[in-house]
Structures are given as C-alpha cells and as structure tokens.
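So the structure is just underneath, and the comments pick up after that.
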Amino acid sequence: MNLKQKILDYAAKNDIELVGFGSKERWDGVDAQHNPFAIFPEGKTVVLVGKRICRGSLRGVEEGTNFGDYGTYGISWLEDAFLSTACYDLTRVIENEGWEACPIFNNPTEIKPQGVAVAEGRPAPNVYPDFRYAAIACGLAEISYNDMVFTKKYGSRQRFQMIITDAEIEPDPILTESICDMCGKCADVCPLNAISKTEYETLTVCGKEMKIAKINYAACKSCPNGARGNRLSAAARPDRIAALCNRTCMCHLEENELIENVFENKFRNRKTWAKDGSGRNVEVKD
Ligand code: SF4
Ligand code: SF4
C-alpha cells in the first residue's frame, strides 16, 4: 500500500476529519518567512491535518448564554489537545515508514520573528507557515468573501495543523468549485458594517481566484457579537468563527447544502441577538 493511502486509512480510522496533500512546487514564490520548506528544505510534501469545530461548541454563543465553551472546545482544547494529538499520531505513521515528518503548529503569520537569522540566506526564526495558503495549496479549501477558510465538508468550522515530510506524495487537486456563493448575508447582518459589499480584493493562490471583501478589522477586534481576540497574538486578526457574521453564513451554507456537514435541525431557531459597537441591542437582517 502506498504512503498516501496509509495516511488516509489511518485518518479515517482515527476520526481525523480533513487531510490534504500539497507538493513543494506549489510553494514556489512564497516568501521564506511564511514558507514551510524554509523549515524543512529537503521536504517534498505538506500534509495538512484538520479537525472540525463541532457545531455545538457554537451553541452558547448563538444563544448568547455561554461564550466560554467555544473558547475551550472550539479553540484551545481543539488546537492544543485534540488536533495536536491527531497531528502527532500522523507524524508517527509517516516516520514508521522511514520518512521524516515535521509537525507544525498553526501560529498566526502576524507574529514577527523573535530571533535573528542564524546564517546569511536563512529567514529569522521562527518561520510560521501561512496556513490559509496551505489550506488552498493542499486542495482542501478556499478563502470566502467574509475572509475565512472554507472547506467543502465544514465551511468555516475547522482548525488545521501541518506535517512537512520528505516523502514525495501525490498532491490533491486544487478545489475548483466555490463554496461561498457571494450571497452577501455576512455583510448584511453585521451591526458594525465592517464587511463591504462593494469593495473587495481578488486573491489568487495556485491558480485559484477568490474575491475577498474589504473588512474593517479594527471594528471586528472590538465586536461584541461573538468575535474574540486571537489567543496567540494581539497583532493577529480576531477569531470571527463564532461572530454573528459567520454564524449567519453557517446557517446559509447549511440551509442551501453548500457544505456536506448538515444536521437534522437548523442552527438558528429564533431571531438572532445583536449589539452595535457600543453594546446596545439592535435589530439586524438575519
Ligand atoms: S454569507 Fe454568503 S457571501 Fe458571506 S461568506 Fe458566507 S456564503 Fe459567502
Ligand atoms: S466580527 Fe463583528 S464587526 Fe466583524 S464582520 Fe463579524 S459581526 Fe461584523
């Protein structure tokens, strides 16, 4: 059995829900400070490993009654325990076959290097690979209009870690279909008008073009509708997965079956709560 199949079989048996493969040439032209192959120059393949954020971890935020459990089950425990364990277990599967497997945690790219280059021509430590780029380059994802990583299985509900290996593994095709249908509901619902419906940039990664709205991240950083600061760096973009804009998008993706992970019951069952920038309750178009 080839290595790719072994990895996929292990992942399927062990509830590792997302695995994608990207070959080194897909990172040609990516700056060394955010390039996984600056960490492992003899590497040939990035294996991206993901686990879902369970929908229920967002329930308390949707109802406005519990904001803490998303922080643990949706962020810190998911990244630091469940996903790290899954990623580490897969490194062992790969190393058991005689290939080096270098596990990489998903740090925000906004973190500046903390050290100085050890020699001329090498980037300063630490190099933090760009996981948004990797999710596209490994064939798993796109960046949506609301500037989130979307997969076909879960939309925005997942987190990733990475393995760089010197094994040459057949890359997965880049996702050609679009998951985000440009409905504009994320922009319509935002009480702080932080997402523009008319201004956007076009991002191209590995030949895939995506339209991304101009977003007022300064507003998002103080948004009282479920957004939270990045736990690893105050300089990084806030976590908007539980924010009103993205919870509204989740409803749209599920109701229109634009993603695979759909449920018996709707996520939103009553008029949503919403607050403006001063914390006052407001009506929004949900
Ligand atoms: S709400 Fe609509 S436009 Fe906004 S990200 Fe979701 S699918 Fe795309
Ligand atoms: S995080 Fe808040 S302010 Fe930013 S787009 Fe979403 S709802 Fe609007």
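Order of appearance sets the numbers: ligands from 1, and atoms from 1 within every ligand.
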Is it true that [Y] and [X] share a donor-acceptor pair across their side chains at a distance under 3.5 Å?
| X | Y | value |
| --- | --- | --- |
| S156 | R240 | no |
| D239 | Y70 | yes |
| N246 | N146 | yes |

Quiz item: Who gets closest to atom 8 (Fe) of ligand 2 by heavy atom: A242, P238, C190?
Solution: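 It is C190 that holds the nearest heavy atom.
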Name the closest protein heavy atom to [atom], giving the residue it belongs to and the distance to 0.1 Å.
| atom | answer |
| --- | --- |
| atom 2 (Fe) of ligand 2 | C223 SG, 2.3 Å |
| atom 4 (Fe) of ligand 2 | C220 SG, 2.3 Å |
| atom 7 (S) of ligand 1 | D181 OD1, 3.6 Å |
| atom 6 (Fe) of ligand 2 | C245 SG, 2.3 Å |
| atom 1 (S) of ligand 2 | A243 CB, 3.6 Å |

Self-check item: Gap between atom CD of E209 and atom OG of S178 - 0.5 Å precision
Solution: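 One finds 10.5 Å between OG of S178 and CD of E209.
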Quiz item: ligand 2 versus N225, non-hydrogen atoms closer than 4.0 Å: side chain, backbone, both, neither?
Solution: neither
Practice problem: Just jot down the ligand 2 atoms closer than 4.0 angstrom to any heavy atom of I195, in number order. | Solution: 5 (S)
Quiz item: So, is C183 placed with an N/O/S atom under 2.8 Å from atom 2 (Fe) of ligand 1, counting both backbone and side chain?
Solution: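 Yes.
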[X] heavy atoms, cut-off 4.0 Å: which ligand 1 atoms fall inside?
| X | answer |
| --- | --- |
| H252 | 7 (S) |
| C180 | 3 (S), 5 (S), 7 (S), 8 (Fe) |
| N146 | 5 (S) |

Quiz item: Salt-bridged, D166 to K24, with N to O below 4.0 Å?
Solution: no
Quiz prompt | Residues D80 and R231 bridged, charged N to O under 4.0 Å | solution =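 Salt bridge between D80 and R231, a charged N being under 4.0 Å from a carboxylate O: yes.
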Practice problem: Determine whether E17 and N261 make a side-chain contact, defined as any pair of heavy atoms from C-beta on separated by less than 4.5 Å. | Solution: no
Practice problem: May I ask you to decide if the ring planes of W27 and Y133 are parallel, tilted or perpendicular, using 30° and 60° as cut-offs? | Solution: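 W27 vs Y133 ring planes: tilted.
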